[in-house]
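Data block below; observations after.
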Amino acid sequence: MAAADPLVKESSSIALPGLARALISAGKLPAKTAEDIYQKSLSGRTSFIAELTGTGAVSAADLAHTLSSAFGAPLLDLDAIDPQRLPKDLLDPKLCQAYRVVVLSKRNNRLIVATADPSDQQAAEKIKFASQMGVDWVIAEYDKLSRMIEAAAVSASETIDSIVGAEFEFDDVSADTATDSNDPAVAEVEDAPVVRFLHKMLLDAFSMRASDIHFEPYEHQYRVRFRVDGELREIASPPTVIKDKLASRIKVISRLDISEKRVPQDGRMKLKIGPDRVIDFRVSTLPTLFGEKIVIRILDPSSARLGIDALGYDADEKERLMQAIGRPYGMVLVTGPTGSGKTVSLYTCLNLLNKPGVNIATAEDPSEINLPGVNQVNVNERAGLTFATALRAFLRQDPDIIMVGEIRDLETADISIKAAQTGHLVLSTLHTNDAPTTLTRMRNMGIAPFNIASSVILITAQRLARRLCPTCKMPADVPKEALLDAGFKDSEIDGTWKAYRPVGCSACNGGYKGRVGIYQVMPISEEIQKIILRDGSALDIARQSELEGVRSLRQSGLKKVTQGLTSLEEVLAVTNE
């Protein structure tokens with residue numbers, strides 16, 4: 001007959017939990033007592049460990065020491081831990097409360113988790129599934145663990161309550177917005193759970209440094225995603241019944257028509273965080289099959305005051321840009337896809353140029369960042385206020401510097417070029433892949449080569465790459481062949497620098513924290529002007545700019561790799577060559 005498992009000595013046929021079997025095996029708990037306590041927990045729908053410590057059959061301290069020996073897991077006194085220093089975003093707090101665990105830290109791709117019951121396989125599997133990481137248990141005393149979990153829950157509740165109070169408030173809705181309390185559509189926006197949920201999402205997005213919040217309705221699901229460091233990640237999945245009330249709440253505080261659900265709408269709202277901090281949000285609604293999708297872009301005015309050094313320009317790139325914006329007239333163009341940081345770059349330049357003796361006017365769709373001292377105009381196509389109309393008005397307003405949000409058509413481009421040729425500095429953006437193709441794009445729009453050559457003085461193409469976390473990044477062993485394929489030259493692989501890879505820790509998002517700009521800063525030299533005048537191709541312009549020392553976007557990104565600012569994989573992902 002096979003020998004019995006030493007951990008299973010109960011006389012009954014009842015399948016006791018692993019925790020009970022471990023205590024019976026260690027001689028800390030009689031089998032009959034364990035069975036009685038387990039039956040009581042089942043009938044009372046409580047956990048076995050709560051009944052065990054509550055009845056005093058085994059003390060919390062004795063239980064922790066026994067389990068540490070039985071399962072070979074380290075023992076930790078939670079009284080020595082500062083709860084404020086624990087990581088907050090590695091695991092859903094509801095999951096931590098449900099399974100009575102506390103996340104202590106993250107090491108490589110594993111979570112270090114404090115528990116009073118290391119035999120709970122269901123908790124381990126749930127945590128693995130939710131975090132997509134392995135779990136290493138650390139044993140803690142059940143009473144201390146419970147106190148820490150409850151304190152964290154109370155702290156989170158108090159935080160939300162304080163947000164809803166005086167320290168966190170929206171601008172008053174304007175008088176022309178419908179506010180009849182008898183209107184059911186208006187009344188539902190004051191639904192307290194919806195208000196609290198929206199406030200919490202906005203605060204979480206701000207604290208996580210998210211750039212956008214997506215509220216997305218589907219047939220059987222409603223999800224909320226944040227774009228953090230350029231990547232979308234799912235944050236919450238509230239009940240689908242909340243979607244209409246949430247949409248109405250956002251529309252009211254954004255001064256949109258809450259009765260109109262058939263067409264897209266755009267609006268803005270301001271959020272006061274503390275006595276001296278206000279954050280702007282740009283709101284966009286879109287009718288979909290199962291409700292209105294809402295995207296909120298977070299516009300932090302402080303980003304325009306970071307300074308040019310914080311954007312990631314290298315010394316030679318910064319010098320070229322500063323020389324261009326220091327000129328009294330001409331056109332400076334910033335190019336790149338949506339979300340590549342063009343607006344922040346333009347506003348950083350405007351902030352440098354914003355002096356009492358200078359008249360600056362901007363036309364945008366819409367104005368994203370409020371800059372005191374700058375005359376900002378929101379384009380309104382339906383009212384007839386187009387970019388071209390605004391530019392014509394600017395030229396009658398005695399401007400020194402004009403910023404056009406985007407050159408979209410020949411009319412806007414033509415007026416912008418004429419302004420640059422008549423004593424004004426013009427800043428604008430275009431959607432092109434790199435600096436050389438910007439010039440051919442303008443040619444294809446119908447602008448004469450002479451006008452391009454005589455007005456454009458510098459083009460900056462840019463991308464945003466995720467910045468490696470300085471706390472946890474590790475040297476990467478990249479084969480020489482891979483470096484050569486990426487674009488490095490033999491002479492650059494000389495052992496004087498190291499490539500780094502993301503690891504991940506409690507202070508970052510999967511090994512990355514923040515973003516850094518990758519730039520191609522191309523001044524329009526006399527030789528490039530000659531190529532433009534003879535209607536040369538983008539390849540001709542690219543070859544000439546390289547001879548003049550202008551790095552391509554890939555080369556600029558590879559330089560960030562040698563500086564340890566980002567990873568080779570990230571540069572390959574955001575640049576194409």
Side-chain angles (χ1 to χ4, degrees), residues 64 67-68 71-141 144-145 148-149 151-153 155-156 159 204-210 225-236 465-477 499-516 564-567 569-570:
L67 294 180
S68 177
F71 289 89
L75 183 65
L76 176 68
D77 183 2
L78 287 182
D79 286 342
I81 299 295
D82 182 2
Q84 300 302 320
R85 300 178 70 86
L86 291 174
K88 298 292 190 297
D89 303 315
L90 295 178
L91 199 62
D92 186 349
K94 291 182 180 177
L95 198 63
C96 294
Q97 280 188 287
Y99 290 99
R100 315 306 285 174
V101 296
V102 169
V103 179
L104 300 173
S105 64
K106 176 184 170 187
R107 184 169 58 224
N108 296 328
N109 200 36
R110 302 187 70 81
L111 290 180
I112 314 301
V113 183
T115 182
D117 183 6
S119 68
D120 192 345
Q121 290 300 314
Q122 186 181 9
E125 291 303 318
K126 286 281 187 180
I127 294 169
K128 286 179 184 177
F129 181 80
S131 65
Q132 295 297 300
M133 288 183 277
V135 177
D136 290 332
W137 290 129
V138 172
I139 309 299
E141 295 171 39
K144 295 180 180 179
L145 189 67
M148 182 172 283
I149 292 168
S155 174
T159 300
D204 285 351
F206 180 71
S207 64
M208 290 174 67
R209 305 185 311 279
R225 294 192 292 174
F226 292 172
R227 188 176 293 279
V228 181
D229 294 338
E231 287 194 335
L232 278 172
R233 60 180 63 183
E234 187 168 339
I235 299 298
R466 290 181 295 170
R467 189 189 292 265
L468 283 167
C469 174
T471 304
C472 66
K473 67 179 181 180
M474 297 285 288
D477 186 15
Y500 288 86
R501 61 179 176 85
V503 176
C505 66
S506 60
C508 66
N509 300 305
Y512 296 98
K513 187 175 182 180
R515 291 193 283 180
V516 63
L565 295 175
T566 189
S567 64
E569 295 79 9
E570 185 69 8

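In this text, all values refer to a predicted model and were calculated from it rather than measured experimentally. Residues take their numbers from the sequence shown, with the count starting at 1.
Distance OG/Ser131 to CG/Leu90: 8.5 Å, rounded to 0.5 Å. Atoms CG and CH2, on Asp117 and Trp137 in that order, are 8.0 Å from each other to the nearest 0.5 Å. In this structure, CE on Met474 lies 12.5 Å from CG on Leu468, to the nearest 0.5 angstrom. Expressed to the nearest 0.5 Å, how far OG1 of Thr115 lies from CD1 of Ile139 amounts to 6.5 Å.
Side-chain contact between Leu145 and Leu78 is present, with heavy atoms from C-beta onward closer than 4.5 Å. Residues Arg110 and Met133 form no side-chain contact, since every pair of their non-hydrogen atoms from C-beta on lies 4.5 Å or further apart. The shortest side-chain heavy-atom distance between Glu570 and Tyr512 falls under the 4.5 Å cut-off. Looking at Cys96 and Val102, their side chains never come closer than 4.5 Å, going by heavy atoms from C-beta outward. Residues Arg227 and Leu232 have side chains in contact (heavy-atom distance under 4.5 Å, counting atoms from C-beta outward). Looking at heavy atoms from C-beta onward, Ile127 lies out of side-chain contact with Tyr99 at the 4.5 angstrom threshold.
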Exercise for the section: Decide yes or no on side chain to side chain contact (heavy atoms under 4.5 Å, CB included) for Lys513 and Thr471, but give the supporting numbers first. Expected result: CA-CA 10 Å; Lys513 187 175 182 180; Thr471 304; over 6 Å; no

Practice task
Under the side chain to side chain contact (heavy atoms under 4.5 Å, CB included) rule, what do Lys144 and Asp77 come out as? Steps first, then yes or no, please.
Solution key: CA-CA 8 Å; Lys144 295 180 180 179; Asp77 183 2; 2.8 Å; yes

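Checking side-chain atoms of Lys473 against main-chain N and O of Gly564 turns up a donor-acceptor pair under 3.5 Å. Counting only distance, with no hydrogens or angles, the side chain of Ser68 and the backbone of Ala73 share a donor-acceptor pair below 3.5 Å.
Among all heavy-atom pairs drawn from Arg501 and Pro475, the shortest one is NE-O, 3.8 Å. When all heavy atoms are compared, the tightest approach of Gly510 to Pro502 is O-CB, 3.7 Å. Closest approach of Phe71 to Ser119, counting heavy atoms only: CZ-CB, 3.7 Å. Of all heavy-atom pairs spanning Cys472 and Val503, the tightest one is O-CG2, 3.0 Å. Among all heavy-atom pairs drawn from Leu67 and Ala116, the shortest one is CD1-O, 3.1 Å. Scanning both residues, Met208 and Val228, for their nearest heavy atoms gives O-CG1, 3.6 Å.
Using a 4.0 Å cut-off between a side-chain N of Lys or Arg and a carboxylate O of Asp or Glu, Asp229 and Arg466 do not qualify as a salt bridge.
Heavy atoms from other residues, nucleotides or ligands lying under 6.0 Å from CZ of Arg225 number more than 12.
Listed by chain and residue number, Glu150 satisfy the side chain to side chain donor-acceptor pair (under 3.5 Å) test with Arg100 (two or more places apart in sequence, or in another chain).
Put simply, the residue from Val113, Val138, Leu111, Asp136 that forms a side-chain contact (heavy atoms from CB on, under 4.5 Å) with Leu104 is Val138.
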